[in-house]
Q: 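Below is the structure I would like to discuss, written out as structure tokens.
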2 protein chains.
Amino acid sequence: MDSTPTFNVLVPDCPSREIMQRLGDKWTPLVMLTLASGPLRFSELRQHIGSVTPKVLTSTLRTLERDGLVDRQVTAQVPIRVDYELTNLGLSLLEPMDAIRIWSEKHAAKVMAARELFDEN
Amino acid sequence: MDSTPTFNVLVPDCPSREIMQRLGDKWTPLVMLTLASGPLRFSELRQHIGSVTPKVLTSTLRTLERDGLVDRQVTAQVPIRVDYELTNLGLSLLEPMDAIRIWSEKHAAKVMAARELFDEN
DNA sequence: CCGGATCCTATGCGATACTG
DNA sequence: CAGTATCGCATAGGATCCGG
């Protein structure tokens, strides 16, 4: 007897599906990967990623915090200082996410070539 | 001298960024993972995934085909038969994607717990 | 059976300006 | 510095029906 609930993304209502789909949010992987090298402040994060607006970065970070992947540290000083860092749970996701990044960078040229070929016809 | 262009998702205009973000489309991972076990017909794909409308599944498959990740095989018969299968490029993406799936299923409970805790406050 | 054609809506995302 | 407040849009995604 196994009382541990099993999760399966191929079951439409399984929470794991929604979670996996969340991880594909436009900015989530970039935020996670940027935090891989250590804690960063809000503005640092912005600069590293580039082209992300504060509003969207905030909402992405909130979601990550809510999901337990990122920790938010507020230091009360003037001006205020806020640092974001990966939790242990977040760290455990790093390797899979980095694999996606590596694949994307490694095969980008092939994908682009495939697109050109496809668009010709 | 290295004439090979390097890709970096942290560079805003690098094609690899857009490609990585594409891979996070709502249905892309599910389609890829469902095709992992072999070629499937359109309707089979639909049934396996469940809750995906034909229009969206079609557009997802078209994008995957355009990106060179999925191959579309049409058999002219009545009624028509269309099979989809992963290309070699698609196969190479399977392992990273499956790692994401495994993580999602393995840590779903923790994420859900984190959400509950977060929402309490 | 496959999936295109339409129509529609929810919302992710962006731009800008402003505040504790 | 670290966001929040508005506003607005593009578009991914969904529901339905129809056609080859």
Side-chain angles (χ1 to χ4, degrees), chain A residues 9 12-13 17-32 34-35 39-67 69-85 115 118-119 121, chain B residues 9 12-13 17-32 34-35 39-67 69-85 118 121:
Chain A
V9 296
D13 286 338
R17 175 180 290 204
E18 184 267 342
I19 289 170
M20 187 175 75
Q21 290 171 339
R22 265 275 171 231
L23 301 181
D25 277 357
K26 185 169 186 180
W27 300 104
T28 291
L30 290 174
V31 168
M32 296 283 301
T34 304
L35 288 177
L40 286 176
R41 305 179 63 169
F42 186 84
S43 51
E44 293 172 329
L45 214 34
R46 254 192 97 179
Q47 288 163 13
H48 276 79
I49 296 177
S51 81
V52 62
T53 62
K55 190 193 108 176
V56 172
L57 182 56
T58 298
S59 77
T60 301
L61 286 167
R62 283 289 180 285
T63 302
L64 285 171
E65 191 190 357
R66 188 172 103 102
D67 287 353
L69 298 171
V70 161
D71 193 27
R72 181 169 177 269
Q73 298 283 353
V74 180
T75 307
Q77 65 181 36
V78 182
I80 192 175
R81 176 191 181 98
V82 180
D83 289 271
Y84 293 92
E85 66 177 324
R115 287 180 183 178
F118 184 90
D119 291 342
N121 317 331
Chain B
V9 297
D13 287 338
R17 174 179 290 203
E18 185 267 342
I19 289 169
M20 187 175 76
Q21 289 170 339
R22 265 280 172 225
L23 300 182
D25 276 359
K26 187 168 187 181
W27 300 106
T28 292
L30 290 176
V31 169
M32 297 281 303
T34 303
L35 289 177
L40 286 176
R41 304 180 63 171
F42 185 83
S43 51
E44 292 172 330
L45 213 36
R46 256 193 96 180
Q47 289 164 12
H48 276 78
I49 296 176
S51 82
V52 62
T53 61
K55 189 197 109 175
V56 173
L57 182 55
T58 299
S59 78
T60 301
L61 285 166
R62 281 292 176 286
T63 303
L64 286 172
E65 191 191 356
R66 188 172 102 101
D67 287 353
L69 298 171
V70 161
D71 194 26
R72 182 169 177 269
Q73 296 284 352
V74 181
T75 306
Q77 65 181 36
V78 182
I80 191 174
R81 175 193 180 97
V82 180
D83 289 272
Y84 293 92
E85 66 175 324
F118 185 91
N121 316 333

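Just so we're clear, the structure is a prediction, and the values are computed from it rather than from any experiment. The chains referred to below are lettered A, B, ... by the order of the sequence lines, with proteins before strands, and numbering in each begins at 1.
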Q: Have a look at Arg81(B) and say if it touches a base, only the backbone sugar-phosphate, or nothing, with a 4.0 Å heavy-atom cut-off.
A: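 Contact class for Arg81(B): none.
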Q: Given atom CG of Asp83(B) and atom P of dC1(C), what is their separation to the nearest angstrom?
A: 14 Å
Q: Using a 4.0 Å heavy-atom cut-off across all strands, classify Arg72(B) as base, sugar-phosphate, or nothing.
A: sugar-phosphate
Q: When the distance from CD of Gln47(B) to C1' of dC1(C) is rounded to whole Å, what number comes out?
A: 11 Å
Q: Specify the residue among Thr60(B) and Ile80(A) whose closest nucleotide of DNA chain D lies further upstream toward the 5′ end.
A: Ile80(A)
Q: Quickly work out the Leu40(B) CG to dG3(C) C1' distance and round it to whole Å.
A: 17 Å
Q: In whole Å, I'd like the distance from the CD atom of Glu44(A) to the P atom of dG3(D).
A: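 Whole-Å distance recorded here is 12 Å.
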Q: State whether the number of non-hydrogen atoms from other residues, nucleotides or ligands found under 6.0 Å of Asp119(A) atom CG is greater than 12.
A: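 More than 12 heavy atoms, drawn from other residues, nucleotides or ligands, come within 6.0 Å of this atom.
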Q: Okay, side chain of Glu85(A), backbone of Asp71(A): is any donor-acceptor separation there less than 3.5 Å?
A: no
Q: Would you name the heavy atoms of Val52(A) and Arg46(A) that are closest together and state the gap between them?
A: O-NE, 3.5 Å
Q: Out of dG3(C), dA15(C), dG13(D), which nucleotide sits closest to the side chain of Thr53(A)?
A: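 My answer, after comparing the listed nucleotides, is dA15(C).
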Q: In whole Å, I'd like the distance from the CG atom of Leu23(A) to the P atom of dG12(C).
A: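 After rounding, the gap between these two atoms is 15 Å.
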Q: Counting only N and O atoms by type, is there a donor-acceptor contact under 3.5 Å from the side chain of Thr28(A) to the main-chain atoms of Gly24(A)?
A: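 It does not hold such a pair.
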Q: Tell me the interatomic distance from Arg17(B), atom CZ, to dC13(C), atom P, rounded to whole angstroms.
A: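 So the two atoms are 13 Å apart, to the nearest Å.
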Q: Taking the side chain of Lys26(B) as heavy atoms from C-beta outward, which of dG14(D), dG3(C), dC1(C) is closest to it?
A: dG14(D)
Q: Between dG4(C) atom P and Leu61(B) atom CG, what is the distance in whole Å?
A: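 For the pair Leu61(B) CG and dG4(C) P, the rounded distance is 10 Å.
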Q: Could you check whether Arg62(B) gets within reach of a base, just the sugar-phosphate, or nothing at all, counting any heavy atom under 4.0 Å?
A: sugar-phosphate
Q: For Ile49(B) and Arg17(A), what are the C-alpha separation, side-chain angles and deciding distance, and is it a side chain to side chain contact (heavy atoms under 4.5 Å, CB included)?
A: CA-CA 11 Å; Ile49(B) 296 176; Arg17(A) 175 180 290 204; 4.1 Å; yes
Q: Would you please confirm or rule out a distance under 4.0 Å between OP1 or OP2 of dC1(D) and any side-chain N or O of Ser43(A)?
A: no
Q: Counting side-chain heavy atoms from CB outward, which of dG3(D), dG13(D), dG3(C) is closest to Val56(B)?
A: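 For the Val56(B) side chain, the nearest candidate turns out to be dG13(D).
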Q: Ignoring backbone atoms, establish whether Tyr84(A) has a side-chain N or O less than 4.0 Å from OP1 or OP2 of dC1(D).
A: no
Q: Which nucleotide in the set dG3(C), dG3(D), dC2(C) lies at the smallest distance from any side-chain heavy atom of Thr58(A)?
A: dG3(D)
Q: Quiz question: going by heavy-atom distance under 3.5 Å, is there a donor-acceptor pair between the base of dG13(D) and the side chain of Lys55(B)?
A: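 Indeed, a donor on one side and an acceptor on the other fall under 3.5 Å apart.
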Q: Is any side-chain N or O of Arg41(B) closer than 4.0 Å to OP1 or OP2 of dC1(C)?
A: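 So the side-chain polar atoms of Arg41(B) never come under 4.0 Å of the phosphate oxygens OP1 or OP2 of dC1(C).
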Q: Leu57(B) CG to dG4(C) C1': how many Å, rounded?
A: 13 Å
